[in-house]
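For clarity, every value in this text was computed on a predicted model and none was experimentally measured.
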Amino acid sequence: MARYTNASQKTKTRLRETFWLLYQEKPLEKITVREIIEKAQYNRSTFYEYYPDINAVLEEIEEELFDSLFGNKNQLILDYTLSLDELIYEIAQNYRKHQKYLKVLLGKNGDPLFFDKIKEHLKSLMRPLVSSGDTISGKNLEYFLEYLTNGLIGMLMYWQQKNRGQSIEDFLQTCREVIMPERYFPIRVT
């Protein structure tokens, strides 16, 4: 039985990898099941055994990536064990780890819904960290969070495209200097 599961997982992985190769080259709406199965060397029924459609492949990749990026950060913030500085540091680590996927998903052929999902989740993570005990509230807080999340995502993308050799610590220091007022980033390097 374990052998069947292993073979089944290999088939699914090959279908996903083939989809990903195509998705790196062109938008989702231009990819067909036929292309995937021909490149992966499977028949149509094999594809549909694992996925109801092409969107399901992308959704599966996005869900796994999202879980890996954010994991248990919500609970750590609610428990007050994670600062904004530490959150951005962890996000940068995970961004670097998953850059193969993120540069495509957040790029020109990427999924705008995934971008929005990441942005909204970042806002929910950052809201308690930037609003506790501060004078920013209400509408101004929402503007500030919009600015902060878009800025952070843009900086992460730029960092991986242009400054690959820059360490995460140096990137975090750049965030401290560019995005945020010092009051949100205590001066300490992790």
Side-chain angles (χ1 to χ4, degrees), residues 1-77 87-126 145-146 148-166 168 171:
M1 187 67 166
R3 199 170 214 195
Y4 176 76
T5 304
N6 191 25
S8 180
Q9 188 57 44
K10 283 182 181 179
T11 301
K12 188 173 184 177
T13 299
R14 193 145 142 221
L15 289 168
R16 274 177 56 146
E17 288 172 353
T18 303
F19 163 81
W20 191 255
L21 288 172
L22 293 167
Y23 191 55
Q24 289 178 77
E25 298 169 6
K26 55 185 165 180
L28 183 67
E29 58 274 2
K30 303 258 187 204
I31 300 171
T32 65
V33 171
R34 180 183 195 97
E35 280 180 292
I36 294 170
I37 62 172
E38 285 177 0
K39 284 188 181 279
Q41 299 179 343
Y42 290 112
N43 60 41
R44 186 173 289 276
S45 63
T46 301
F47 178 87
Y48 288 113
E49 184 178 327
Y50 295 95
Y51 300 103
D53 56 31
I54 292 173
N55 289 329
V57 184
L58 180 59
E59 287 168 12
E60 182 180 271
I61 291 169
E62 288 177 349
E63 284 175 28
E64 288 177 13
L65 184 59
F66 191 83
D67 288 344
S68 180
L69 283 171
F70 297 111
N72 66 348
K73 306 294 183 292
N74 288 14
Q75 192 57 46
L76 292 172
I77 288 169
L87 174 65
I88 292 176
Y89 183 86
E90 287 193 31
I91 290 169
Q93 279 185 312
N94 285 328
Y95 190 96
R96 180 172 271 171
K97 179 179 173 185
H98 300 292
Q99 68 185 347
K100 166 186 168 185
Y101 294 104
L102 289 169
K103 75 178 186 182
V104 175
L105 288 168
L106 299 175
K108 66 178 177 150
N109 289 335
D111 181 0
L113 296 176
F114 185 71
F115 177 86
D116 289 343
K117 183 178 178 180
I118 284 182
K119 189 173 80 169
E120 290 307 312
H121 194 71
L122 278 173
K123 281 184 191 179
S124 73
L125 290 173
M126 292 179 172
L145 288 168
E146 187 72 19
L148 180 60
T149 54
N150 278 300
L152 178 60
I153 292 168
M155 286 182 72
L156 285 164
M157 292 169 64
Y158 184 82
W159 171 52
Q160 288 304 294
Q161 291 169 4
K162 305 290 185 195
N163 295 316
R164 288 184 144 148
Q166 185 182 28
I168 293 173
F171 172 74

- Message: Does any part of the side chain of Leu102, heavy atoms only, come nearer than 4.5 Å to the side chain of Phe114, both counted from C-beta?
- Response: yes
- What residues, two or more places apart in sequence or in another chain, satisfy ring-ring contact (aromatic ring centres under 6.0 Å, His included) together with Tyr23? Phe19, Trp20
- Item | ring-ring contact (aromatic ring centres under 6.0 Å, His included) partners for Phe171, two or more places apart | Trp159
- Which residues pass the side-chain contact (heavy atoms from CB on, under 4.5 Å) test with Gln99, sequence neighbours left out? Gln160
- Message: Suppose we screen for side chain to side chain donor-acceptor pair (under 3.5 Å). Which residues come up paired with Arg44, at least two apart in sequence or across chains?
- Response: none
- Tyr158: side-chain contact (heavy atoms from CB on, under 4.5 Å) partners, not counting sequence neighbours: Lys162, Asn163
With a 3.5 Å cut-off and sequence neighbours excluded, list the donor-acceptor pairs that the side chains of residues 28-35 form with protein atoms.
residue: Thr32; atom: OG1; partner: Glu35; partner atom: N; Å: 3.0
residue: Arg34; atom: NE; partner: Glu38; partner atom: OE2; Å: 3.1
residue: Glu35; atom: OE1; partner: Lys26; partner atom: NZ; Å: 3.2
residue: Glu35; atom: OE1; partner: Thr32; partner atom: N; Å: 3.0
residue: Glu35; atom: OE2; partner: Lys26; partner atom: NZ; Å: 2.4

- The ring-ring contact (aromatic ring centres under 6.0 Å, His included) partners of Phe66 (sequence neighbours excluded) come to Phe70, His121
- Pairs meeting criterion salt bridge (Lys or Arg N to Asp or Glu O under 4.0 Å) with involvement of residues 94-113, two or more places apart: none
- Message: Restricting to side-chain contact (heavy atoms from CB on, under 4.5 Å), what partner residues turn up for Asn43, sequence neighbours left out?
- Response: Ser45, Thr46
- Name all pairs fulfilling the salt bridge (Lys or Arg N to Asp or Glu O under 4.0 Å) condition that reach into residues 55-64, sequence neighbours left out, sorted by first residue then second. Lys12-Glu60, Arg16-Glu60, Arg16-Glu64
- Item | Partner set under side-chain contact (heavy atoms from CB on, under 4.5 Å) for Lys39, not counting sequence neighbours | Thr18, Leu22
- Side-chain ion pair, Arg14 and Glu17, N-O less than 4.0 Å: no
- All side chain to side chain donor-acceptor pair (under 3.5 Å) counterparts of Lys119, not counting sequence neighbours: Glu146
